[in-house]
Every structure is written in C-alpha cells, then in structure tokens.
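Data block below; observations after.
Each ligand, and each atom within it, is numbered from 1 in the order the structure gives.
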Amino acid sequence: MESKKIVIANLKMNMTFSEVKKYVEKIRDIHTKRVVFCPSALYIPYFLGYDYSVGIQQIANEDYGAYTGQISSLQAKSLGAVLSIIGHSECRLHLNETDDLINGKVKNALKNKLNVILCIGETMEQRDMLRTDRVLRKQISKGLSGLTTSDLQHVYIAYEPIWAIGTGQVPTNRDIKKTIQFIQKQVSKEFRYEDICVLYGGSVNHKNIKSLSTIEECAGFLVGGASLNPKEISKIIEVAVKE
Ligand code: PGA
C-alpha cells in the first residue's frame, strides 16, 4: 500500500563527535524534507545543509536571558531547525516538565515559527487501570491550551505509550488506530480543529515499519533507538516515506 508519512529521528543523547561525523556521511543520500533528524543540540550544525530536515529535541519557554544551559526556540529557528520535540516522556520524567511548562514551550515555539511535535502517552500502570483516555485528554487539553486553529496547523501530536519506548513492545495496529482517532476527536471537540496530524512513537524498527505504515490515520513516526543505525533508519524511511 502506498504511504507517505513523515519520520522524525530522535537521536537522544547519543554519539561522540567522531561518531556523528561518520553518521552524517551515511545519511547524506536521504533526499526528502519529510524526514527530520533531531540530534543533540550541540551537533545540529553538522546535520544542516542536506536534503532532509533538522529539528531540536528540547527547547526552553523563553526567547533569551539568564537561563543557564537552556536553548531557545528562537535560537534553534535561527540556526535552521524546523521543529522541536516538546513534552517527551523522558523530559517529563527526568526534567520534571509539567503540562503547564510544556504548554509554555509549545506557545513559545509557535511564536518563533518552529513546528511542534507534542509527545503524549500513558504508563503501563495507567493503561492497566484503564486510564489511558483520561491521561491523554489531560495532556492534550493542557499542552495545547490557548492555541488557535491556525496555531494547530503547525502542531503534530506524537502518541508515545511510555511502556513502548525502548522496550520492543508495540501496541497492536488496531489499538494505535483507535488511540489516534481518540486524539483527533479530542482536538476537534476542544479546539474545533479537524486536521491534527498524529504520529506514533515507541519501538518502531525496520521489522515492524511495514505493518505500522498501513495505519492510515497515522501521519508518521517518531523513531528513537532504531534511528541510531543509519542502515536501519534508511530502511524505515524507505518504507514509510514513499515519494
Ligand atoms: P524508541 O524511542 O524508538 O527507542 O522506542 C522513541 C522515542 O522515545 O521517541
């Protein structure tokens, strides 16, 4: 089946400088803007200038100022990044990001014309307690609070069940489809926006990409671990992004 998804490679906090240089050599033949590499912010300049897009994994909620160690969406945009991942579960967990802070980051990115990938997802415990819908509803409602329909044209929601990230466990296609439809319904109900793009993330790899790509409701994939291997991410792109 013909599919034309987007693929976001979240390289997380990986690779030394010499490894990055080798990696960039190996992905230079990717000629589509529908693929976005998000390396450590330090390495963004080395990914620029090719035919794929480049994004940032994390931004602050202010443009500039006394925020030691942080990077703003204004800075990322001025360098050439096209999007920022916001609210990744690893940032919610390790950096104590709250929904309010995440909302501030979303608004700041949009103000600076950086597209947004808002990550949402439930833990296994929440899933077992049948709380997935409630958790997602809150993350959507708070994360997107105050956004207009024209803002929402620049927002993608990445549905990333926390129990699927880096574990090799993936929900069934049926479950992913159902959850994406739920997310779309919520955004439509609360924000009167019908066309929100929803991606899936969590243990996407070269073996399951063919099957995952058949989910029509899914606009693309956020790929972590599998994106560290240039051959594997190239295979994933080949299947998911047919241009
Ligand atoms: P994974 O990570 O592909 O390694 O599961 C996905 C993510 O954290 O975005």
Margin query: Taking side chain to side chain contact (heavy atoms under 4.5 Å, CB included) as the criterion, tell me which of Ile176, Leu212, Thr179 meets it with Pro171.
Written below: Ile176
Checklist line | Parallel, tilted or perpendicular, as decided by the 30° and 60° cut-offs, for the rings of Tyr50 and Tyr52 | finding: parallel
Check: Given a cutoff of under 4.5 Å between side-chain heavy atoms of I, L, V, M, F, W and Y, with clusters grown through shared members, what are the other residues clustered with Met129?
Finding: none
Note to self: Side-chain heavy atoms under 4.5 Å apart, restricted to Ile/Leu/Val/Met/Phe/Trp/Tyr: what other residues fall into the cluster of Val36, or is it alone?
What the structure shows: Ile6, Ile8, Val82, Leu83, Ile85, Ile117, Tyr156, Leu199, Leu222
Check: Are a donor atom and an acceptor atom from the side chains of Trp163 and Glu125 found within less than 3.5 Å of each other?
Finding: no
Does ligand 1 have any N/O atom under 3.5 Å from a protein N/O, and what are those pairs and their distances?
residue: ligand 1; atom: 2 (O); partner: Lys12; partner atom: NZ; Å: 3.4
residue: ligand 1; atom: 3 (O); partner: Gly224; partner atom: N; Å: 2.8
residue: ligand 1; atom: 4 (O); partner: Gly225; partner atom: N; Å: 2.8
residue: ligand 1; atom: 5 (O); partner: Gly166; partner atom: N; Å: 2.7
residue: ligand 1; atom: 5 (O); partner: Ser203; partner atom: N; Å: 2.7
residue: ligand 1; atom: 8 (O); partner: Lys12; partner atom: NZ; Å: 2.7
residue: ligand 1; atom: 8 (O); partner: His88; partner atom: NE2; Å: 2.7
residue: ligand 1; atom: 9 (O); partner: His88; partner atom: NE2; Å: 3.2
residue: ligand 1; atom: 9 (O); partner: Glu160; partner atom: OE1; Å: 3.3
residue: ligand 1; atom: 9 (O); partner: Glu160; partner atom: OE2; Å: 2.7

Item checked: Hydrophobic cluster of Val135, others only, ordered by chain and residue number, side-chain cut-off 4.5 Å -> none
